[in-house]
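Shown next, in structure tokens, is the structure this report addresses.
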2 protein chains.
Amino acid sequence: MARTVKGPDARRERWKGHREQRRAEFVEATIAAVAKKGPDVGMEDVAAEAGVSKPVLYRHFTDKSDLYLAVGQKATEMLMERMGPALAADGPIRDRIVRIVDAYLSVIEDNPNLYRFVVKGSFVDRPVEKDVVQEDKNLIANTLARILGDYLRAFEMDSGGAEPWAHALVGMVQNAGDWWLDRQTMSRANLSDYLATIIWHAVDGLLRSAGVQADPAKPLTPLRLVD
Amino acid sequence: MARTVKGPDARRERWKGHREQRRAEFVEATIAAVAKKGPDVGMEDVAAEAGVSKPVLYRHFTDKSDLYLAVGQKATEMLMERMGPALAADGPIRDRIVRIVDAYLSVIEDNPNLYRFVVKGSFVDRPVEKDVVQEDKNLIANTLARILGDYLRAFEMDSGGAEPWAHALVGMVQNAGDWWLDRQTMSRANLSDYLATIIWHAVDGLLRSAGVQADPAKPLTPLRLVD
DNA sequence: AAGTAACCGTTACCTCAAGTAACACTTACC
DNA sequence: GGTAAGTGTTACTTGAGGTAACGGTTACTT
């Protein structure tokens, strides 16, 4: 039994990457299926779209909701790919707000079906836990909350509002986006601007109430104070 | 055949009120069942809760989603019962905002299960149409949009933002409410106040940009101009 | 008084999508 | 050659939504 100490059988490792790739493939298939057959696709449809039969799907996903969760995560990636830079970028504050909002809107504009599937959609049997959308929203909201909190503290203001405000902002943009996606009654640029306007006013008002005069055209970077 | 002209057979009319009452009864049963067994109740459960077997239910509701729709409408009623006055009431503008926001929060606080059932909930097979929640949100948003639009026009400002802003506000409060309902990390009064703060700032900012100086402690009633 | 249109309610079924069992074949490590 | 992973199939079970078919009750109509 002198089995060179460990070596946990390479046969198990051999597939590590492969499985992930396969999952990704099925996620793509789901998205494609959704695009084709609407948001009410079933596992059979997805399997068919992937050129495979159900049990194969179930080898990679324990569950329907597991698959949908993965789809949701993929969507999150796509979203973050565009929102991350916008969130991180510096620049004139109002432009920055516009860019963040517009990044979000551009994503849902480009993938309306996927979007609807994920947020409205048929998460048929989700047991309340594991709500991808909720997690996404939390992710973004938390990012925002951190940014807001930092600013508030930097100005020595009450930072207790950072979290609720962050969630409020997220909901605001999301809901306005939903509305816009349904009846596209104005251009994306217009909507982005309208939304940025009230967000800016809200931010500006907060700063004013702390005696700070901010210029929407200048990069608001009080965080530099911390350096 | 001298059948006194018409008289559309009183046997049909005899039940008119009764059916509605019965539906209401089942709606109540559904709410009770949701409270007991969580948001994943099935038709069987609901029927049992009402002390009845499935087919009876199906005599009054064509469909699962029909039942849930009715539940949603009931929820809308409950919501509107409290929000209506708050929306209509006059008074110091900031207080008014607080009251509207707080009215909403109080409803979801009092009926968290029902709320979750209706908005997150298992609208299993809804065919995208007939989304009660969406309709509710639209209802509120439209009310707001009308109010906002009137004010904007009264101040001779661009009223194009009224609709998106209304939807934005609705989403904002809703999402912040969701977040709060999950992890109740602050008092309702506190949250109401934080939310009212940014809403007020947003409103104030808009007015300022039109050269209007508003006092949050005074009732903003430029609409009187129209009298 | 008889007929009937609406309801009350039941048990037993159908249907359809999610999920599983059982079976057979392939590849590459041991 | 054995075996641990993966490939895939068809055919099944399960469970919840929804229906059929039956029988009883009430009170209007004729």
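Just so we're clear, the structure is a prediction, and the values are computed from it rather than from any experiment.
Of the side-chain N and O atoms in B:R22, one or more sit less than 4.0 angstrom from OP1 or OP2 of C:dG9. A sub-4.0 Å separation between OP1 or OP2 of D:dT7 and a side-chain N or O of A:H60 is present. In terms of phosphate contacts, B:S53 brings no side-chain nitrogen or oxygen within less than 4.0 Å of OP1 or OP2 of C:dG9. Checking the phosphate oxygens (OP1, OP2) of D:dG8, no side-chain nitrogen or oxygen of A:R59 falls inside 4.0 Å.
For the segment residues 23-33 of chain B, the set of residues with a heavy atom within less than 4.0 Å of an atom of DNA chain D is empty.
For residues 70-88 of chain B, the set of pairs meeting the side chain to side chain donor-acceptor pair (under 3.5 Å) definition, not counting sequence neighbours, comprises B:T76-B:D136, B:R82-B:S106, B:R82-B:D110. Listed by first and then second residue, the ring pair (Phe, Tyr, Trp, His ring centres under 6.0 Å) pairs involving residues 178-197 of chain A are A:W179-B:H167, A:Y194-B:W165 (not counting sequence neighbours).
In this structure, B:E20 places its CD atom where only 12 or fewer heavy-atom neighbours from other residues, nucleotides or ligands lie under 6.0 Å away.
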Contact list (N/O, under 3.5 angstrom) for nucleotides 12-14 of chain D vs protein:
none

Return all side-chain donor-acceptor pairs below 3.5 angstrom for residues 44-56 of chain B, not counting sequence neighbours, or 'none' if the list is empty.
{"residue": "B:D45", "atom": "OD1", "partner": "B:K37", "partner atom": "NZ", "Å": "2.7"}
{"residue": "B:D45", "atom": "OD2", "partner": "B:G42", "partner atom": "N", "Å": "2.8"}
{"residue": "B:E49", "atom": "OE1", "partner": "B:K36", "partner atom": "NZ", "Å": "3.0"}
{"residue": "B:E49", "atom": "OE2", "partner": "B:K36", "partner atom": "NZ", "Å": "3.3"}

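Side-chain atoms of A:S159 never come within 3.5 Å of backbone atoms of A:A162 as a donor-acceptor pair (strictly under, hydrogens ignored).
For the salt bridge (charged side-chain N to carboxylate O under 4.0 Å, His left out) test, residues two or more places apart in sequence or in another chain that qualify with A:D182 are A:R116.
Under the Watson-Crick or G-U wobble criterion, with both distances below 3.5 Å, D:dT30 is paired with C:dA1.
Side-chain contact between B:M80 and B:I140: present, with at least one pair of heavy atoms (C-beta onward) separated by less than 4.5 Å.
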